[in-house]
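The structure appears right after this line, and notes come after that.
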Amino acid sequence: MRIVSLTEESKQNLLENLLKRSPHNYGEFEERVAAIVEDVRNRRDEAVFEYTRKFDKAEITADNIKVTQDEVEAAYKEVDPSLIEVIRKALVNIRSYHEKQRKYSWFDSKPDGTMLGQKVTPLATVGVYVPGGKAVYPSSVLMNIVPAKVAGVDKIIMSTPCDAQGKVNPSTLVAAKEAGADEIYKAGGAQAIAAMAFGTQSIPRVDKIVGPGNIYVALAKKAVYGFVNIDSIAGPSEILVLADGTANPGFVAADLLSQAEHDEMASAILITTSEDLAKKVSEEVDKFTQQLSRKEIIRKSLENFGYILVAENMDTAIEAANDIASEHLEIMTSNPFEVMTKIRNAGAIFIGEYSSEPLGDYFAGPNHVLPTNGTARFFSPLSVDDFIKKSSIVYYSKQALETIHEDIEQFAKAEQLTAHANSIHVRFEK
């Protein structure tokens, strides 16, 4: 990996390079995606079937687009029972963590005749998109469905690509069943996002779409936002390790590679105060890469977006970490909890050398759907909050309104909204 001294100039160059990974910078695909979205909106099922035939080589019709109970049962027979057990153990942790995020309605009444409050209502229907191209991610199935279930969403549908024989990956089906998906459809890509956004004869319209995907999926979510809600427009995966000279270079290298293997656009960054650690981590990265199955992807990822930055001191390193606002941030220092208190921007923070990032991907419980491309400056991980909406509650008695009605009328008249003022005034005409 390249080793660079951390300066204001090198940091700005890095930030500019990382921004190239953003889905917002792929305008050449937007017109193509927009055409697919509009086609599905107009021709509905017919368009979805045509795009599935074109991109997935599968003959999908109204009769077989929905996954049947028989297909789910067949999937259970194909998946290793030990993996099913692991999925169930992970579900316990994920569900327990998200149950602590539940929000409840509240009401505050006062003796003066007023009552204010907030009514919390789960979304009625949510669509979960699950990719099925280069890799299969049953863990993402769990992370997207569980918070929706905990929130109390009435209906959770899932859409995922099938193979040329019309078959969905068995582990994806098992994860969906275990997590609580109500319906599963065989549709992928931008056409699946459009189908869930607008509804077709076979696929119901949803209120919100969540889940990861390729650039076409990301741009399709961007295109339908406003017709439905979405979780985010996610970019490629990324990790930043903040370390001093006490860190284990083998651990650091292994964790950097855990994200670099996702795809060629993934980012893996080490910021350290130790030149010695920087050199050792670079050597360990080279050694591990030779042994890993996705070595070609890793090499391209590190060549494009892999950095080791050497900082003068930990305060400078922390400042850079906050500016980068990484999706995953690992802290491997002699005082990791003290460093953690100074971190403002990160999707998920992993503290200490035994809190490796894949722990969060699969098992610990917090959600692994995280803000990318610096959006951790203002976005949060997927949570139960993403599957609820809040309504304000207002009640005033006649007596309570009477004491303030002139104030409201004056405010309305100041904005030249005389109908607003009259709406209050008519209630107290002599």
Side-chain angles (χ1 to χ4, degrees), residues 23 26 29-72 74-75 78 125-138 140-141 144-145 155-177 181-206 208-225 227-228 230 233-234 263:
Y26 286 83
F29 297 107
E30 288 195 20
E31 189 174 336
R32 203 179 314 169
V33 169
I36 293 173
V37 169
E38 191 62 24
D39 194 20
V40 172
R41 185 180 184 182
N42 292 327
R43 296 196 298 127
R44 305 168 72 197
D45 264 1
E46 184 182 357
V48 172
F49 300 155
E50 282 187 16
Y51 288 119
T52 302
R53 191 179 306 117
K54 178 179 179 180
F55 298 129
D56 299 321
K57 314 302 180 188
E59 290 295 333
I60 296 299
T61 68
D63 295 327
N64 64 2
I65 190 170
K66 186 176 179 180
V67 172
T68 65
Q69 183 60 31
D70 287 344
E71 288 175 290
V72 173
E78 294 183 53
T125 309
V126 165
V128 174
Y129 182 80
V130 178
K134 290 183 179 179
V136 178
Y137 300 107
S140 286
V141 176
N144 282 278
I145 292 178
K155 186 176 185 179
I156 301 171
I157 75 164
M158 190 178 95
S159 187
T160 187
C162 61
D163 63 19
Q165 287 70 48
K167 182 179 178 180
V168 174
N169 181 273
S171 62
T172 297
L173 289 184
V174 168
K177 179 66 175 178
D182 295 299
E183 297 173 2
I184 304 169
Y185 293 91
K186 302 170 185 176
Q191 62 270 24
I193 301 301
M196 291 190 285
F198 300 111
T200 72
Q201 294 92 331
S202 298
I203 300 176
R205 180 183 179 184
V206 303
K208 184 167 188 172
I209 299 172
V210 301
N214 61 18
I215 188 64
Y216 295 99
V217 170
L219 291 176
K221 288 168 74 175
K222 181 181 178 182
V224 302
Y225 177 63
F227 296 100
V228 294
I230 61 172
I233 303 169
D263 64 57

Residues two or more places apart in sequence or in another chain: which of them pass side-chain contact (heavy atoms from CB on, under 4.5 Å) with Pro170?
Ala75, Glu78, Val79, Lys167

Are Tyr51 and Asp39 close enough that a side-chain donor and a side-chain acceptor fall under 3.5 Å?
yes

Do side-chain atoms of Lys208 reach the backbone of Thr125 as a donor and acceptor pair under 3.5 angstrom?
no

I'd like to check Ile157 versus Tyr185 (side-chain heavy atoms, cut-off strictly below 4.5 Å). Are they in contact?
yes

If we ignore hydrogens and angles and just use 3.5 Å, is the side chain of Gln191 paired with the main-chain N or O of Val48 as donor and acceptor?
no

Quick one about Ser171 and Asn169 (side-chain donor to acceptor, distance below 3.5 Å, no hydrogens or angles considered), yes or no?
yes

Non-hydrogen atoms of Asp45 and Ala62 that approach each other most closely:
OD2-CB, 4.4 Å

Can you check whether Thr68's main-chain N or O pairs, donor with acceptor, with Glu71's side chain at less than 3.5 Å?
yes

To the closest 0.5 Å, what do you measure between CG (Asp56) and CD (Gln165)?
11.5 Å

Summary of salt bridge (Lys or Arg N to Asp or Glu O under 4.0 Å) pairs that have at least one residue in residues 190-200, sequence neighbours excluded:
none

Shortest non-hydrogen separation from Val217 to Pro212 and the atoms involved
CG1-O, 4.3 Å

Would you mind listing every salt bridge (Lys or Arg N to Asp or Glu O under 4.0 Å) that reaches into residues 209-219, with sequence neighbours excluded?
none

Lys57 NZ to Cys162 SG distance, which is reported to the nearest 0.5 Å
12.5 Å

